[in-house]
Amino acid sequence: VLARTPGAPPGTKGISLFIVPKFIPTDGGAPGERNSLHCVSIEHKLGINGSPTCVLAFEEATGWIVGEENAGMRYMFTMMNDARIHVGLEGMGLAERSYQQALEFANTRRQGRAVGAAKTDSSLIVEHPDVRRMLLTMRAFIEGARALLFANTAAIDRSHHAPDEATRAAGEERAALLTPVSKAFATDLGVELTSIGVQIHGGMGFVEETGSAQHFRDARITPIYEGTNGIQAMDLVMRKLPLRGGGVVAEYFGEIADTVQATAAAGLTDISAALDSARSDLEAATDHLADLENPNDALAGATPYCRLFGLVACGHYLGRQAVVAAKSADDPWMQEKIAVANFYATQLLPQTRGLVPAVTAGAQQLFDVSLAAAGT
């Protein structure tokens, strides 16, 4: 439990961490007298209803402080940084489940007649280009974001277990850079892709009995969990880009440039060209943010910048996968990895170009309109 002690400083600097058990332990450690905390009500939520949450009243409950007074938020972040990656994985897990269900539906549902089909036939909806676009959008984003999450967790592993200090330090820096992107981009995608899953089902997707809507409802909490995605974007721009004087992000951009060259060398020219263009967009946006003097201008562009970063990062990892897959020309599964990377590069990655103006627009437009509450 996070709570304040008497006379604690205002704000988060005055929060301490406590253990408040349901039963007060005896001297021997066994459950003893019932503590005074109790459940007031169960919350009625949009989704994740299989995981009930409640309002607790502590009244005169007994608790024990953990560590130092007023250090609660610092202690909580030990858990929270791990949790942010786990929540990103939750967003992708829901998207994957939604994709699997939508894919099965598209291969069994017949409606309309595809181009070239016999006039007497009703076609499977998977044969229609728009449905295929939706399915491929889901698959490409899922595969890219999954790779981003793997790279993030691999960096954490290196930060703890690498044999030398330099590699451990580099792993810690890389994990710090990628964690806000992993959490924000993957969970935003979780909501977008589960919504596409509903769309593929058509009207039946809006019917609860189909099951597709549940993934959409359940995914909606993930952009809120463990620091909202706006907080992740601000963390990325204000704290992570300046790490080591910009050296951490510059090294990452260097790796993306290496992937551009590797895809070109492997004959994957569409991927190479698209990734190089997106990398240029990301570097231009990053340089712009670094030169800003007004923090509000940087904060105003933080969310589109985080999206831009996530798009390029996924393109980078899909490109690396395609380079490996290109070595196995006779393997159909590997060839599909290249096809997915091509789709991402040519149809999704170009979104970066439209995000740069939003990153660089500054804060003034956000304050030009009065947003006073209705009726005031």
Inset, instruction - Would you please name every residue forming a salt bridge (Lys or Arg N to Asp or Glu O under 4.0 Å) with Glu165, sequence neighbours left out? - result: Arg168
Inset, instruction - Taking atom CD of Gln347 as the centre, report whether more than 12 heavy atoms of other residues, nucleotides or ligands fall under 6.0 Å from it. - result: yes
Legend entry - Atom pair OG1/CE of Thr303 and Met234 - distance to nearest 0.5 Å: 7.5 Å
Inset, instruction - Only one of Asp235, Asn229, Ile231, Val237 passes side chain to side chain contact (heavy atoms under 4.5 Å, CB included) with Pro180; say which it is. - result: Asp235
Legend entry - His316 ring center near Tyr252 ring center (under 6.0 Å): yes
Legend entry - Residue Arg239 excluded, over 12 heavy atoms near CZ under 6.0 Å: no
Legend entry - Heavy-atom neighbours of Phe23 CZ exceed 12 at 6.0 Å: yes
Legend entry - Any donor-acceptor N or O pair under 3.5 Å, side chains Gln335, Asp331: no
Legend entry - Listed partners of Asp27 passing side chain to side chain contact (heavy atoms under 4.5 Å, CB included), at least two apart: none
Legend entry - Beyond-backbone contact of Thr53 with Lys45, side-chain heavy atoms, under 4.5 angstrom: yes
Inset, instruction - Keeping the roles fixed (side chain from Asp276, backbone from Ser272), state whether a donor-acceptor pair exists under 3.5 Å. - result: no
Inset, instruction - Check the side chains of Lys337 and Gln321 for a donor-acceptor pair under 3.5 angstrom, ignoring hydrogens and angles. - result: yes
Inset, instruction - Could you tell me whether Gln365 atom CD has more than 12 heavy atoms of other residues or ligands within 6.0 Å of it? - result: no
Inset, instruction - Might you point out which heavy atoms bring Gly211 and Gln101 nearest each other, and give the distance in Å? - result: C-NE2, 3.6 Å
Inset, instruction - Would you check if there is a donor-acceptor pair between the side chains of Thr179 and Asn81 at a distance under 3.5 Å? - result: no
Donor-acceptor list for residues 286-295 side chains, cut-off 3.5 Å, not counting sequence neighbours:
| unit_1 | atom_1 | unit_2 | atom_2 | d |
| --- | --- | --- | --- | --- |
| Thr286 | OG1 | Leu282 | O | 2.7 |
| Thr286 | OG1 | Tyr305 | OH | 2.6 |
| Asn294 | OD1 | Asn296 | N | 2.9 |

Legend entry - side-chain hydrogen bond (donor to acceptor under 3.5 Å, both in side chains) partners of Thr360, counting only residues at least two apart: none
Inset, instruction - Look at atom CZ of Arg133 and say whether more than 12 heavy atoms of other residues, nucleotides or ligands are closer to it than 6.0 Å. - result: no
Legend entry - For Arg307, all residues meeting salt bridge (Lys or Arg N to Asp or Glu O under 4.0 Å), sequence neighbours excluded: Glu192
Inset, instruction - List, by chain and then residue number, the residues other than Trp64 in its hydrophobic cluster (Ile/Leu/Val/Met/Phe/Trp/Tyr, side-chain heavy atoms under 4.5 Å); write none if there are no others. - result: Ile24
Legend entry - Min side-chain heavy-atom separation Leu275-Ile256 under 4.5 Å: yes
Inset, instruction - Could you tell me which residues satisfy side-chain hydrogen bond (donor to acceptor under 3.5 Å, both in side chains) with Arg139, sequence neighbours excluded, listed by chain and number? - result: Glu143, Glu336
Legend entry - Residues that Arg146 engages under side-chain hydrogen bond (donor to acceptor under 3.5 Å, both in side chains), provided they are two or more places apart: Glu96
Inset, instruction - Please name all residues satisfying side chain to side chain contact (heavy atoms under 4.5 Å, CB included) with Leu89, sequence neighbours left out, ordered by chain then number. - result: Leu149
Legend entry - All side chain to side chain contact (heavy atoms under 4.5 Å, CB included) counterparts of Val55, not counting sequence neighbours: Val40, Ser41, Glu43
Inset, instruction - Could you verify whether a donor N or O on one side chain and an acceptor N or O on the other, from Asn70 and Lys13, lie under 3.5 Å apart? - result: no
Legend entry - Sub-4.5 Å side-chain heavy-atom contact between Val207 and Thr210: yes
Inset, instruction - Compare every heavy atom of Gly14 with every heavy atom of Ala8, then report the nearest pair and how far apart it is. - result: CB-O, 3.3 Å
Legend entry - side-chain hydrogen bond (donor to acceptor under 3.5 Å, both in side chains) against Arg244, all qualifying residues, sequence neighbours excluded: Glu173, Glu251
Inset, instruction - Classify the side-chain pair Ser16/Glu69 by whether it contains a donor and acceptor separated by less than 3.5 Å. - result: no
Inset, instruction - Quick one: list whatever passes side chain to side chain contact (heavy atoms under 4.5 Å, CB included) with Ala262, sequence neighbours left out. - result: Val323
Legend entry - Residue Glu60 excluded, over 12 heavy atoms near CD under 6.0 Å: no
Legend entry - Heavy-atom neighbours of Glu283 CD exceed 12 at 6.0 Å: yes
Inset, instruction - For this output row, return yes or no: ring centroids of Phe150 and Tyr317 closer than 6.0 angstrom. - result: no
